[in-house]
There are 2 protein chains.
Amino acid sequence: MKLTSKGRYAVMALVDLARFDNINPVSLRDISLRQGISLDYLEQIFSKLKKNQIVQSIRGTQGGYILTKKPNDIKLTNIFHAVDETVKTVQCKKESKKGCNGKATKCVTHNLWDELETHINSFFEKKSLEDLLKNNKDQRI
Amino acid sequence: MKLTSKGRYAVMALVDLARFDNINPVSLRDISLRQGISLDYLEQIFSKLKKNQIVQSIRGTQGGYILTKKPNDIKLTNIFHAVDETVKTVQCKKESKKGCNGKATKCVTHNLWDELETHINSFFEKKSLEDLLKNNKDQRI
DNA sequence: ACTATACTTGACCATTTTAGTCAGGTATGT
DNA sequence: ACATACCTGACTAAAATGGTCAAGTATAGT
């Protein structure tokens, strides 16, 4: 199962972006400085966010990134999915197509991880960038 | 975040154990053969399960392991906890005690992982070995 | 046209974790 | 005594993580 700092950085960066993109696009350099995340690493992350139509890029001086949707329409599940933070667990060996570990039948945990994935996604589908913004409105980021 | 095959193996092995410990203790060798899990690896896993009072060991010929509780009283959260499959996510850098990444205030994701952990645990606290046994009663393991 | 800014891409790498293996032990029933 | 089976710790190949580094391309402002 993967849920690491790449996903955390993506969320932090997008919240930062959502707070500052009122007028102008926000550069990764600014986000890097404010959030304390390596610029080179941010570029990797935003490349994926762009491919998944979560952000849009504007090149050149005064360029940067802007959100493609309203913060309320960007759920955390979209963000995690974009940066490959899949809540996908270690699968059974798929040597035979119907069984696990070379057995004829499914193992007892075969469906368990699927249920878990559904359960976790239901958590992240409810949470949007907007929610995180509200929670931190009084705080300085 | 960690949730890997160690936890999956532990669950598979314990379900196997629960099915066969009616009269005699079950040897790891049998579990290893039935479930297709390395014996050496199983020994590591059961060492932890024993430390956490989930199983009891009986040495010598005809020895093996038995459950310390009824399958219905062994929740998956207990099992995962025993084998260090903590649903613990990547923490913020704790350089300063109150802030994240050296900032003065908490980052926006600071409480998010805690909420997630609670959410996942609620899933595993409901599931017991008994539940898994029922779901697979008709199947051959 | 030049230049600084900022996005874009791909290769590379040190460290840590994972998923085991290996080599010895110790206890006990027959 | 001896086979079985638990017990323990050291070791390791491969993968994932969390980045860095280098070399671009596009654009706004002067």
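Numbered from 1 within each chain, the chains take letters A, B, ... in sequence-line order.
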Distance check needed: [N] [atom2] versus [X] [atom1], whole Å only.
X     : N      : atom1 : atom2 : answer
B:I31 : D:dA5  : CD1   : P     : 12 Å
B:R29 : D:dA3  : CZ    : P     : 14 Å
B:K48 : C:dA19 : NZ    : P     : 12 Å
A:K51 : C:dG10 : NZ    : C1'   : 11 Å
A:D40 : C:dA11 : CG    : P     : 16 Å
A:I37 : D:dG18 : CD1   : C1'   : 12 Å
A:I45 : C:dG10 : CD1   : C1'   : 17 Å
B:N24 : C:dT28 : CG    : P     : 18 Å

ask   = Who pairs with A:K75 by side chain to side chain donor-acceptor pair (under 3.5 Å), at least two apart in sequence or on another chain?
value = none
task = Examine distances only and state if a side-chain atom of A:D131 and a backbone atom of A:S128 form a donor-acceptor pair shorter than 3.5 Å.
result = yes
inquiry  = Has A:D16 got a side-chain atom pairing as donor or acceptor with A:M12's backbone, closer than 3.5 angstrom?
reply    = no
inquiry  = Which residues in residues 52-68 of chain B have a heavy atom closer than 4.0 Å to any atom of DNA chain C?
reply    = B:R59, B:G60, B:T61
inquiry  = To the nearest 0.5 Å, what is the distance between OG on A:S122 and CZ on B:F123?
reply    = 10.0 Å
Which listed nucleotide ([options]) is nearest to the side chain of [X]?
X     : options               : value
A:K50 : D:dT20, C:dG20, C:dT8 : C:dT8
A:E43 : D:dA5, C:dT21, C:dT8  : C:dT8
B:L28 : D:dT20, D:dC6, C:dT8  : D:dC6
A:Q44 : D:dA5, C:dT21, D:dG19 : D:dG19
A:Y41 : C:dT21, D:dT8, D:dG18 : D:dG18

ask   = Between A:K127 and B:E115, does at least one N-O distance fall below 4.0 Å, as a salt bridge requires?
value = yes
Ring pair (Phe, Tyr, Trp, His ring centres under 6.0 Å) contacts in which one or both residues fall within residues 43-70 of chain B, not counting sequence neighbours = B:F46-B:Y65
key: Earlier contact from the 5' end, DNA chain D, for B:D30 and B:S47   = B:D30
ask   = When you check the phosphate oxygens OP1 and OP2 of D:dC6, does a side-chain N or O of B:S27 lie under 4.0 Å from one of them?
value = no
query = Can a side chain N or O of A:T4 be found less than 4.0 Å away from OP1 or OP2 on D:dG18?
reply = yes
query = On the ring face of B:F80, is B:R8 found with NZ or CZ under 6.0 Å from the centre and within 45° of the axis?
reply = no
